[in-house]
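Remarks on the structure that follows.
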Amino acid sequence: MRLWSRELWRLALIVAAASLAGWLLDAVALGLAAGLAIVLLMQLRQLYVLHRWLTRHSQAEPPTARGLWGELFDRLYKYQKTQRITQQRLRDTLQRIQDSSEAMSDSVVMLDRRGDLEWWNSAAGRMLGLQTAHDRGQHITNLLRDPRFIDYFNARHYREPLTLPSPIDERQMLQFQITLYGDDERLLMARDITRLHRLEQMRRDFVANVSHELRTPLTVLAGYLETYADVADQLPPRLGRGLGQMQAQTSRMQSLVNDLLLLSRLEIDRRGDDEVPLAVDSLLETIRRDAESLSAGRHQLRVECDDPRRLVGSEQELRSAISNLAFNAVRYAGDGCHITLRWRSYHDAACLEVEDNGEGIDPVHIPRLTERFYRVDKGRSTATGGTGLGLAIVKHVLLRHDARLEIVSHPGRGALFRCVFPTSRLAQPSAVAAPPQA
Ligand code: ADP
């Protein structure tokens, strides 16, 4: 404020001095006009100096000036200096980010909100075959054309990664993961998981081969044991007891091998080959009859079906999954319990449920129940003939049908196993081809 008033005084003094000189010369108006003209010229000169400094030497020291103009020059100079420092810092940070992305062995690709390529590191160039000159500004799906990638990209559900062969080398397996950030922009990362994939493949093949190789010796053993069992009454009682145990353990091993083979098949086989629209009511009725014969009258079983729509899936796989749930209910719910097999619809999903009012499960075990060989009570599970693979099989079958398993249970309040299918898996009853007339 003081600067302002000093400046005004200075200008007023100049105008007053010029007017006084005019009055002495008997031309006040001319003196006043001359005073104003001097003030105007002084301001124009400073403006010119400011303009020249800003356009030609803005990095140099500011021109010296008195009063308000001097203050203005100093402030502008300081402001420019801090701006330059901030810009330099931003440039350095950006450079460091680019350098660290360059040093990464994983691919990093930045996409704009339309999905066009903005920037990528050299690993992305190597793994995905992106070329700077041609590909900048192109849509990502023009370069990664695998339909699975296009579906993944358009679906916008990026919680799970996607595994695909590299577009430039079929033998290289890549894991893609997209992250949304900023104004609907996307960051695509791709990781080379060829080694991990090979190890996983070897593990699967190993389990499948061992299970397969065990099948024949077990069948031979079971066959001989059955023959000996026919003449068990002629054997000494000590040997007879051993024979019974050998038979029970052989059949347990056979169930285990069969479940392991089924799991490997679910992991290896291509999905969707035997999928048809299934009549769920008759599927549940068949499973109820099988479960009833396992229960041998110890439980009350019933089927509830309130959705006429069909479920598109593999009959063999779904039957095996729902049977596992129903047999588990028979094995673990306890005698005298009610077991319900249910097919019901919700607005955005349809559910196959197996519910019992038996002993239930402590919620601490629920997150781990679908792990292979996880049992709540190992002794009890073995005694009831369980292999520890039942719920792992259910989970795999559901994954192959785009479905998920929900488990709701509390000790003493029964258990509910719910398989939730998306509506894309449902078909109207008319979608089933009519059986050929005899
Ligand atoms: P298992 O071959 O041991 O039955 P599963 O994977 O089928 O293996 O089941 C895992 C465990 O879940 C079982 O050991 C059992 O303790 C528990 N379980 C499964 N279904 C039920 C049920 N309906 N009620 C109580 N416990 C259950």
Side-chain angles (χ1 to χ4, degrees), residues 207 211 214 218 248-267 284 287-288 290-304 316-344 351-401 403-420:
V207 174
S211 312
L214 279 174
L218 276 174
Q249 292 302 327
T250 315
S251 104
R252 210 170 92 72
M253 277 173 75
Q254 277 180 315
S255 314
L256 195 66
V257 165
N258 286 341
D259 277 1
L260 280 172
L261 276 173
L262 176 59
L263 259 178
S264 340
R265 202 170 55 68
L266 290 173
E267 282 180 334
L284 290 186
I287 296 171
R288 186 188 67 79
D290 293 346
E292 217 156 44
S293 76
L294 180 70
S295 156
R298 289 175 294 129
H299 306 84
Q300 304 283 322
L301 283 120
R302 65 184 174 145
V303 170
E304 283 176 12
Q316 204 191 359
E317 289 177 18
L318 285 170
R319 187 172 164 172
S320 148
I322 309 303
S323 298
N324 267 318
L325 296 178
F327 295 169
N328 272 353
V330 169
R331 286 198 200 111
Y332 300 110
D335 291 357
C337 287
H338 291 263
I339 299 168
T340 310
L341 313 181
R342 199 177 290 122
W343 173 232
R344 61 197 289 187
C351 302
L352 260 173
E353 296 177 348
V354 177
E355 188 172 19
D356 66 65
N357 62 347
E359 294 177 12
I361 310 161
D362 192 324
V364 293
H365 297 293
I366 291 178
R368 300 195 57 193
L369 277 188
T370 53
E371 286 175 20
R372 289 170 197 207
F373 300 113
Y374 184 85
R375 276 103 159 215
V376 177
D377 177 348
K378 195 165 189 324
R380 178 143 182 246
S381 165
T382 315
T384 54
T387 59
L389 295 171
L391 292 179
I393 291 174
V394 174
K395 187 177 127 185
H396 265 83
V397 169
L398 294 187
L399 266 179
R400 286 163 68 85
H401 288 81
R404 63 175 195 276
L405 179 67
E406 290 177 0
I407 307 171
V408 186
S409 185
H410 289 282
R413 301 225 299 268
L416 168 66
F417 290 81
R418 179 183 289 139
C419 313
V420 187

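FYI, side chains are in, hydrogens and waters are out, and symmetry mates aren't considered; it's all heavy atoms of this structure. Atoms within a ligand are numbered from 1 in the order they appear, just like the ligands themselves.
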Just by distance, do the side chain of [X] and the backbone of [Y] share a donor-acceptor pair under 3.5 Å?
X	Y	result
R375	G386	yes
T370	A392	no
S211	V207	yes
D356	A415	yes
H299	G334	yes
R298	S295	yes

Of all the heavy-atom pairs spanning C337 and A333, show the shortest one and how long it is.
SG-O, 3.2 Å
Any idea which protein heavy atom is nearest [atom], and the distance to it?
atom	value
atom 3 (O) of ligand 1	S381 OG, 2.4 Å
atom 26 (N) of ligand 1	I361 CG1, 3.4 Å
atom 4 (O) of ligand 1	Y332 OH, 2.6 Å
atom 2 (O) of ligand 1	G388 N, 2.6 Å

Go through ligand 1 atom by atom and flag the ones less than 4.0 Å from a non-hydrogen atom of [X].
X	value
T387	2 (O)
V376	14 (O), 16 (O)
L369	11 (C), 12 (O)
G390	5 (P), 6 (O), 7 (O)

Heavy-atom pairs closer than 4.0 Å: do any link ligand 1 to the side chain of L391, the backbone, both, or neither?
both
Between ligand 1 and [X], can you find any atom pair, the residue atom being a heavy atom, that is separated by under 4.0 Å?
X	result
D356	yes
A333	no
A329	yes

Give a yes or no on this: more than 12 heavy atoms of other residues, nucleotides or ligands lie within 6.0 Å of atom CZ of R302.
no
R413 atom CZ, over 12 foreign heavy atoms within 6.0 Å:
no
Can we say R342 and E355 salt-bridge, meaning some charged N sits less than 4.0 Å from an Asp/Glu carboxylate O?
yes
For the 3.5 Å polar cut-off, considering only N or O atoms, please tell me whether [X] and ligand 1 meet it.
X	answer
N328	yes
A415	no
Y374	no
R331	no

